[in-house]
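Just follow the structure's listing: the first ligand is 1, and inside any ligand the first atom is 1. Since the model is a prediction, treat every value here as computed from it, not as a measurement.
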Amino acid sequence: MWLNGTSDLIENLKKKGAKRVALQFPEGLKRQSAAIAASLKDAGFEVILSGDPCYGACDLALDTLTYADVLVHFGHAPVDDQPKVIFEPYRMDFEIAVLENALPFLKEDTVGLVTTVQHVHLIPAMELFLQSKGISCSIAEGGRRTPIRGQVLGCSFTAAKASGADEILFVGTGLFHPIGIALATHARVIALDPLTGSAQEVSGDALMRRRFAVMEKARGAKSIGIIVSTKSGQQRMDLARRLASLSPTAVIVFMREVNPDELLNLGFACYVNTACSRLAYDDQVRFPVPVLSPQEFEILCGVRSWDAYTIDEIA
Ligand code: SF4
């Protein structure tokens, strides 16, 4: 696991004429912040470090720009245009031969190949490996939030959908992305964790069953909070307004951190989440009341059919 050295960054900052620099790291990389801040101070920059939690490029510490010329966000690719932010990649290598473990699960001659941002630099090597085994890869460009070929996010599966493949190989950790890909594409999805070497076929059925149970609990709720995030890359006010218009008891709630205590204090009988789409799917067990996705709320309001159920993505 490594971050790029700071020499390119220093050059980049000098080109921009930056003197005061803010740094933001996601949770898994925060331990590297002190050393990187020290090397930038050595190079003559005034440095401010964002200490708030951060889980993605959707949550930029733009408030630091009141005091800094530039914000350097480590570990993620951009999800929107931010002229005063430099995105510093974080690359995690693995042995390409681990793809051997996925081969027994692959049935097609052509697979869609997708991964997360920390492994996208290995896409060409993964493609070569699969080709050497007689498997062609369809690797598609992503969308606005996923600027790198073959990249997917937990809120954007464009590169998987655009691959057009009936079978998709997701290389990365965790099961949320491959389950999301299965629901977004209806393709057969194989997930390979390149760090543990475990491979498996993944389906969205179990998640769908859990979500239908949550929807049943939400049916007839007397008060509905439509959550809108204040985070830079999660705000979906237009969507929230449209959803709020579907029910006379729905009220838009603007908030930064969506956590169980805040939802309990607000006291709504049900919430609809337009913030990070993973919140409703991953964290429902932590929440005191049902938290629906926008599409689930539309189904309960009768403006979307059950057959049109899909996973929520941020455009
Ligand atoms: S909205 Fe959620 S899934 Fe999308 S980039 Fe942000 S943290 Fe990741």
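Contact analysis puts Arg145 in contact with ligand 1, with a non-hydrogen atom separation below 4.0 angstrom.
In summary, the atoms of ligand 1 found under 4.0 Å from a heavy atom of Gly154, numbered by their order in the structure, are 3 (S).
Contact annotation: the side chain of Val272 approaches that of Ile224 to within less than 4.5 Å [non-hydrogen atoms, C-beta and beyond].
Atom 8 (Fe) of ligand 1 lies below 4.0 Å from none of the non-hydrogen atoms of the protein.
Atom 4 (Fe) of ligand 1 does not have Cys58 among its coordinating residues (no N/O/S atom, backbone or side chain, under 2.8 Å).
Taking the six-membered ring wherever Trp is involved, the centroid distance between the rings of Phe74 and Phe87 does not fall below 6.0 Å.
Of the protein's heavy atoms, Cys276 SG, 2.3 Å lies nearest to atom 2 (Fe) of ligand 1. Scanning the protein for heavy atoms near atom 3 (S) of ligand 1, the closest one is Cys155 N, 3.5 Å.
Judged by distance alone, the side chain of Glu167 and the main-chain N or O of Glu108 form a donor-acceptor pair under 3.5 Å.
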Check against side chain to side chain donor-acceptor pair (under 3.5 Å), His121 and Asp93:
CA-CA 9 Å; His121 62 295; Asp93 289 325; 2.6 Å; yes
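In summary, Arg211 and Glu216 do not engage in a salt bridge, as defined by a charged side-chain N under 4.0 Å from a carboxylate O.
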